[in-house]
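Below is one structure, written out as structure tokens; the observations come after it.
In listed order, ligands and their atoms are each counted from 1. For clarity, every value in this text was computed on a predicted model and none was experimentally measured.
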Amino acid sequence: MRLSQSFWQTFKEVPKEAEIPSHQLMLKAGLIQKSGAGLYQYLPFAVKVLHKIESIIREELDKIGSQEVIMSVVTPGELWRETGRWDEMGSLMLQFNDRGGKELCISPTNEEAITDIFRTFVKSYKQLPVSLYQINTKFRDEIRPRFGLMRAREFSMKDAYTFHLDKACLDRGYQDMYNAYAQIFDRIGFDYMIVEADAGAMADSSCQTHEFQVLAEVGEDFIVYCKETGYASNIEKAKTLRKNLEFAASTKIEEVATPNKSTIADVCELLKVPQYQSLKSLVYTAINGEEEKHYLVMLLGDDELNELKLKNYLNCDHLIMAKEAQLSQLGLQKGFIGPYQLESKNLEVLFDSSIDENAGYIVGANKKDTHLKGFTLSRDFNGAKKVDLRLAQSGDYEASGKYQVEIKKGIEVGHVFQLGDKYTQSMKAMIVDQNGKQSAPLMGCYGIGVSRVMAAAIEQCHDENGIIWPAAIAPYHVYFAVIAKSEETKKLAEDIYRDLLEKNLEVVWDDRGLGPGFMFKDADLLGLPLRLTLGERDYQKEGTLEIKVRKAGAIHKVKKEEVADKIQELLKELM
Ligand code: ATP
Ligand code: MG
């Protein structure tokens, strides 16, 4: 590509709303244009990157025998009604009617559509397993689209689906996909972690699910990780232990005055006890269709609630924290709520499993300006329900209690998921099994955020001057900067350019006639793995060109005849 003939442009300034490096750099380097909130147009160099990511994905999925299909981006509402997801998805899904009044949506995912393909073509166990994938546009009306391609509304996803006769076969298919994902992300050059993920309330506990998380400061996911054991889990799911807490002895239960001390911090400071010797009270309302139920959740004073654990436990459609008005309706005193002798019949109490049954705790007394000392679960509460509800924290211990965990931030680039027979059952995608019986196959689904991968790669690899593309997905290999006045040098540049193209090297030739300062700045911003410079003066003096490695900054002086070989050698090292 000759830049003089290219559409490419770079920018000095970017809008303030671009908060994170990948978003800023993609705009500066002329890779994308915003067309609306969470909507982006990919410009030529970004398309090159997407195609490279897609090729790696295709090669690895082909290796495990998955076949590519392309499903319609707009899908009929009736398919989603079969599984109940038309209503369940809520406003995440962009729904509309066509001119005949038929319900349609822009696919946020494609389990229904693939199951419809499956049930049309597959009738017998002999046709199993089936593994299909597509690379296609998805639309999710995200509440907070942000960070450019990282959380867009329209984005490119690779979604794969597998169908199996039994669990053993599903496990094999899952493992193949898991391994293929590891290959894909290794080839891209990511520093990533494979973590246990939350499977949701409905999931059968034997159903596995893992996320592939690229480690980066701007990541929106928190990963609980133990160096010693290798335990890695999304915080949503992580179960860890607190240790070395000196629980207070159980004493007689008695009231203590805590005037105007309505927070755990204030109460514990007043009473001079560590916060974990008190219990925190949180009130939540679980909504299921028309039905509403209220819960009082008790946690150690310095723990936080993991709302997803609570939602999964209650298996509800929505979970909302009670507002002040709700509390008074339930007869509760904000700031002084506690589990002891609760009068409200409308409130079920749940205790986090880290609470010691026999220790004495400070709790709210359900009376203004008053707390109780010595509340002891085994003595003062009948039939307490203990549930793991706390959010893991750094410094907690993993399951064996031997090693501590730390918390890292990640960008979810891929997700593998065993679905069981949820979709095949509800959509009646039955097959005849070995015994001649109708049976619902088991499914797995597997996503990679293709456009998010591009953003994550920049997030993980850039410096103050610009992008540093991993060589495997760089839009081109070499930025050829030419500083030439004489026709002779220009001719030489042309010869070198042609020679490199003939050797299948992907070269951007900066023939715009800019000064070296401008050229080098653009080269750094665009971040191709290598920059080849032909400077007329140097060439005339020393007979050499210069190859600079974008990542390490190393400079190699080479003779004209050595250029292609040296580039190939350096690229090999970088791939
Ligand atoms: P997240 O938790 O980030 O919202 P998700 O778990 O809802 O993602 P999946 O349904 O697992 O996403 O989709 C598969 C993949 O699609 C994700 O692993 C991610 O890489 C990508 N993806 C999901 N939502 C977006 C988005 N809004 N913008 C870009 N990529 C996305
Ligand atoms: Mg996911």
Side-chain angles (χ1 to χ4, degrees), residues 20 22-23 26 32 34 36-40 42 46 49-50 53-54 57 61 85 88-94 106-114 133-161 174 177-178 180-182 184-185 188 190 192-200 203 207-216 218-223 233-237 307-308 311 409-419 422-423 443-460:
I20 62 167
S22 59
H23 190 193
M26 266 192 250
I32 54 169
K34 178 177 172 178
L39 306 173
Y40 291 90
Y42 304 109
V49 177
L50 286 178
I53 298 168
E54 291 170 7
I57 294 175
L61 293 188
R85 289 213 293 180
E88 233 172 70
M89 283 266 176
S91 37
L92 190 77
M93 181 153 92
L94 189 59
I106 309 191
S107 303
T109 174
N110 274 127
E111 284 79 7
E112 281 78 357
I114 200 84
Y133 74 94
Q134 68 167 343
I135 297 177
N136 211 340
T137 297
K138 297 284 179 294
F139 188 92
R140 294 182 182 178
D141 203 353
E142 299 272 0
I143 300 169
R144 282 185 70 200
R146 58 191 185 136
F147 295 166
L149 298 186
M150 204 73 91
R151 185 166 300 284
R153 295 197 298 166
E154 184 179 298
F155 57 97
S156 165
M157 195 203 285
K158 186 287 299 175
D159 41 329
Y161 306 88
Y174 183 85
M177 204 55 90
Y178 179 109
Y181 271 40
I184 290 165
F185 295 127
I188 290 173
F190 276 142
Y192 68 98
M193 257 186 201
I194 306 176
V195 312
E196 290 174 22
D198 173 63
C207 280
Q208 304 187 59
T209 170
H210 290 90
E211 289 165 353
F212 290 70
Q213 295 274 0
V214 166
L215 301 176
V218 305
E220 295 182 285
D221 283 307
F222 292 90
I223 299 157
S233 169
N234 191 312
I235 199 166
E236 293 179 343
K237 147 119 199 247
E307 284 197 9
L308 195 66
K311 186 163 183 283
K409 282 186 177 175
I411 301 168
E412 180 192 324
V413 287
H415 196 166
V416 292
F417 210 109
Q418 296 191 343
L419 293 168
K422 175 176 170 185
Y423 294 92
M443 260 176 97
C445 75
Y446 317 86
I448 293 181
V450 178
S451 43
R452 186 183 279 184
V453 162
M454 171 156 65
I458 298 177
E459 211 51 65
Q460 202 160 62

So, taking the atom named [atom1] in [X] and the one named [atom2] in [Y], what distance separates them when rounded to the nearest 0.5 Å?
{"X": "M157", "Y": "R452", "atom1": "CE", "atom2": "CZ", "result": "9.0 Å"}
{"X": "L94", "Y": "R153", "atom1": "CG", "atom2": "CZ", "result": "8.0 Å"}
{"X": "F212", "Y": "I194", "atom1": "CZ", "atom2": "CD1", "result": "4.0 Å"}
{"X": "Y192", "Y": "Q460", "atom1": "OH", "atom2": "CD", "result": "11.0 Å"}
{"X": "F139", "Y": "T109", "atom1": "CZ", "atom2": "OG1", "result": "15.0 Å"}
{"X": "N110", "Y": "K138", "atom1": "CG", "atom2": "NZ", "result": "4.5 Å"}

Requested in this report: Examine distances only and state if a side-chain atom of R146 and a backbone atom of R151 form a donor-acceptor pair shorter than 3.5 Å.
Outcome: no

Query - Side-chain (E211) to main-chain (V195) donor-acceptor, under 3.5 angstrom - result: no

**Report entry** N or O pair under 3.5 Å between A152 and ligand 1
**Finding:** yes

**Report entry** Nitrogen or oxygen atoms of M157 and ligand 1 under 3.5 Å apart
**Finding:** no

Requested in this report: Would you mind telling me if ligand 1 is within reach of the side chain of L149, the backbone, both or neither, using heavy atoms under 4.0 Å?
Outcome: backbone

**Report entry** Which segment of E412 sits under 4.0 Å of ligand 1 when only heavy atoms are counted
**Finding:** both

Can you tell me if [X] contacts ligand 1 (heavy atom of the residue under 4.0 Å from the ligand)?
{"X": "K138", "result": "no"}
{"X": "I411", "result": "no"}
{"X": "V413", "result": "yes"}
{"X": "S451", "result": "no"}

Report summary line: Shell check on the Mg ion (ligand 2): protein N, O or S atoms less than 2.8 Å away are E412 OE2, H415 ND1

Requested in this report: Check the angle between the aromatic planes of H23 and Y40 and answer parallel, tilted or perpendicular using the 30° and 60° thresholds.
Outcome: perpendicular

Atom indices of ligand 1 within 4.0 angstrom of [X] heavy atoms, with elements:
{"X": "G414", "answer": "18 (O)"}
{"X": "H415", "answer": "11 (O)"}
{"X": "R140", "answer": "5 (P), 7 (O), 9 (P), 10 (O), 12 (O), 13 (O), 23 (C), 24 (N)"}
{"X": "E142", "answer": "24 (N), 26 (C), 27 (N)"}
{"X": "G449", "answer": "15 (C), 16 (O), 20 (O), 21 (C)"}

Query raised in the report: Which atom pair, heavy atoms only, marks the closest approach of D198 to F417?
Result: O-CE1, 4.2 Å

Query raised in the report: For P108 and M89, which heavy atoms make the closest approach, and how far apart are they?
Result: CG-SD, 4.1 Å

Query raised in the report: Any Lys/Arg nitrogen of R85 or E111 sitting under 4.0 Å from an Asp/Glu carboxylate oxygen of the other?
Result: yes

Query raised in the report: Between E459 and S22, is any side-chain donor less than 3.5 angstrom from a side-chain acceptor?
Result: yes

Query raised in the report: Among all protein non-hydrogen atoms, which one is nearest to atom 22 (N) of ligand 1, and what is the separation to 0.1 Å?
Result: F155 CE1, 3.6 Å

Query - Identity and separation of the nearest protein heavy atom to atom 3 (O) of ligand 1 - result: R151 NH2, 2.8 Å

